[in-house]
Amino acid sequence: MKLQSDLSRVLGLGSARSGTHHWMHQRLSAIALIPLSLWFVTALLTHMRDDAVDLSNWIRSPFVTVLLVSLIGAMFYHAKLGLQVVIEDYVHAEITKIGLLITIKLGCVLGALLGIVAVLKISFAMT
Amino acid sequence: MAGNPLSPHLQIYRPQLTSTMSILHRATGIALALGTLVLLYWLVAAAQGMEAYAAAQHCISSLPVQLLLVGWTFAFYYHLCNGVRHLLWDTGWGFELGTAYKTGYIVIAAALAMTVLTWACVLSKGAAA
């Protein structure tokens with residue numbers, strides 16, 4: 001969703017980079033994380049003493065599966081955005097900075113995939 | 001860029017509630033990012049079956065990890081409450097110095113209270129189990 005009019009884009013106005021994209025997405029993921037993370041904390045408190053079977057049965061519910069996947073996605077996205085600004089603020093050696101930024105981004109993608117696949121494996125397991 | 005003289009700042013400027021809470025917001029964010037690794041460890045163990053999950057539960061219930069979890073709990077609630085304060089700022093509300101200080105104290109109190117409440121729940125469940 002670009003907030004820039006077509007005319008201003010064609011005239012070359014506006015930010016040369018991605019403008020407020022990062023800022024907006026950080027707020028969006030934050031807003032999503034408020035209910036998701038509060039739900040997760042209460043769910044953890046409820047289920048922390050479960051054995052593997054009870055935990056599985058809880059995760060199997062479509063609602064829980066979707067909420068967990070959403071939480072993991074939003075969490076790693078928000079983390080990636082946040083860590084990105086930390087690095088941009090403190091690391092000024094260009095190659096080191098770019099290296100760290102790439103590592104963070106790929107690390108968050110991997111982390112999100114790992115978490116989501118783990119949840120889906122439990123959710124779809126045959127038992 | 002390197003080697004330019006800088007005027008002293010951290011050595012001179014007295015820490016305020018506003019600046020301290022701001023850097024704490026960043027620090028808790030970093031701490032939480034690291035904490036996602038523990039969450040992943042637990043989830044993957046749960047996906048791997050009963051033995052792996054039982055081993056993970058056992059490891060997580062050790063005292064050092066539980067202490068870390070208490071820390072992460074506070075980091076989470078602080079980052080959450082201060083994050084809401086940030087979102088309110090984004091709407092333009094709350095920048096007056098008095099308001100910023102009041103909301104700051106509310107954030108700290110709420111984060112501490114929620115941490116204590118959560119771990120009271122954890123301990124009471126632990127005693128019951």
Side-chain angles (χ1 to χ4, degrees), chain A residues 23-24 26-31 33-35 37-38 40-42 44-56 58-59 68 71-72 75-76 78-83 85-87 89-90 92-94 104 107-108 110-125 127, chain B residues 1-2 4 23 25-37 39-57 60-61 66 69 72-73 76-77 79-84 86-87 89-91 114-115 117-129:
Chain A
W23 186 92
M24 184 61 82
Q26 196 167 42
R27 270 67 182 166
L28 283 175
S29 55
I31 290 169
L33 278 169
I34 296 175
S37 61
L38 286 173
F40 182 63
V41 169
T42 51
L44 260 186
L45 285 176
T46 315
H47 294 275
M48 65 180 195
R49 293 256 170 255
D50 282 2
D51 59 16
V53 177
D54 290 334
L55 189 76
S56 267
W58 171 67
I59 291 180
L68 280 175
L71 171 76
I72 293 167
M75 181 174 79
F76 276 100
H78 188 81
K80 179 259 171 199
L81 292 171
L83 291 172
V85 281
V86 171
I87 289 166
D89 277 354
Y90 299 136
H92 300 296
E94 194 70 19
I104 295 289
C108 285
L110 264 181
L113 282 174
L114 196 56
I116 291 172
V117 167
V119 168
L120 292 177
K121 269 183 76 80
I122 299 172
S123 186
F124 287 106
T127 316
Chain B
M1 276 268 24
N4 288 5
I23 194 64
H25 191 75
R26 177 165 276 194
T28 51
I30 296 171
L32 288 169
L34 291 171
T36 59
L37 296 171
L39 179 64
L40 281 181
Y41 165 69
W42 182 75
L43 271 176
V44 169
Q48 284 174 326
M50 301 192 69
E51 295 94 25
Y53 182 64
Q57 290 283 79
I60 289 175
S61 55
Q66 291 284 294
L69 286 178
W72 265 312
T73 310
F76 167 69
Y77 284 124
H79 197 83
L80 174 68
C81 295
N82 201 231
V84 170
H86 262 286
L87 288 173
W89 284 335
D90 287 341
T91 68
M114 287 156 99
T115 305
L117 202 64
T118 303
W119 278 88
C121 285
V122 171
L123 291 173
S124 71
K125 281 206 106 190

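Chain naming here is simple, since letters A, B, ... match the order of the sequence lines and numbering starts at 1 in each.
A:Val53 places a side-chain heavy atom less than 4.5 Å from the side chain of B:Met50. In this structure the side chain of A:Val41 never reaches within 4.5 angstrom of the side chain of B:Met114, judged on heavy atoms.
The line from CG of A:Leu114 to OH of B:Tyr41 is 13.5 Å long, rounded to the nearest 0.5 Å. The CH2 atom of B:Trp42 sits 4.5 Å away from atom CG of A:Leu55, with the distance rounded to the nearest 0.5 Å. Within the model, atoms OG1 of B:Thr36 and CD1 of A:Ile72 stand 10.5 Å from one another, a figure rounded to the nearest 0.5 Å. Taken from NE2 in B:His79 to NE2 in A:His78, the straight-line distance is 4.0 Å, to the nearest 0.5 Å.
Contacts of A:Leu33 with chain B are absent, with no heavy-atom separation under 4.5 Å from either backbone or side chain. Only the side chain of B:Leu39 comes within less than 4.5 Å of a heavy atom in chain A; its backbone stays farther off. At a 4.5 Å heavy-atom cutoff, the contact between A:Val85 and chain B is made by backbone and side-chain atoms alike. Using a 4.5 Å cut-off between heavy atoms, B:Leu43 contacts chain A through both its backbone and its side chain. Using a 4.5 Å cut-off between heavy atoms, A:Ser37 contacts chain B through both its backbone and its side chain. For chain B, no part of A:Phe124 is nearby; none of its heavy atoms comes within less than 4.5 Å. Both the backbone and the side chain of A:Val86 have a heavy atom closer than 4.5 Å to some heavy atom of chain B. Looking at A:His92, neither its backbone nor its side chain comes within 4.5 Å of chain B, counting heavy atoms on both sides. There is no contact between B:His25 and chain A, counting heavy-atom distances below 4.5 Å. Contact annotation for A:Leu83: only side-chain heavy atoms (C-beta onward) come within less than 4.5 Å of a heavy atom of chain B. Of the two parts of B:Thr118, the backbone and the side chain both hold a non-hydrogen atom closer than 4.5 Å to a non-hydrogen atom of chain A. Heavy atoms closer than 4.5 Å to chain B are found in both the backbone and the side chain of A:Ile34. In this structure, no portion of A:Leu120 lies under 4.5 Å from any heavy atom of chain B. Residue B:Gln48: no heavy atom, backbone or side chain, is found under 4.5 Å from chain A. A:Met75 touches chain B through its side chain: at least one heavy atom from C-beta onward sits under 4.5 Å away, while N, CA, C and O do not.
A pairwise comparison of heavy atoms in B:Ala33 and A:Ala79 identifies CB-CB, 4.4 Å as the closest pair. B:Lys125 and A:Met48 make their closest contact through CB-CE, 3.6 Å (heavy atoms, listed as atom of the first residue, atom of the second, distance).
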(message) Before you tell me yes or no, could you show the steps for A:Phe76 and B:Leu40 under side chain to side chain contact (heavy atoms under 4.5 Å, CB included), namely the whole-Å CA-CA distance, both residues' side-chain angles and the distance that decides it to 0.1 Å?
(response) CA-CA 11 Å; A:Phe76 276 100; B:Leu40 281 181; 3.8 Å; yes

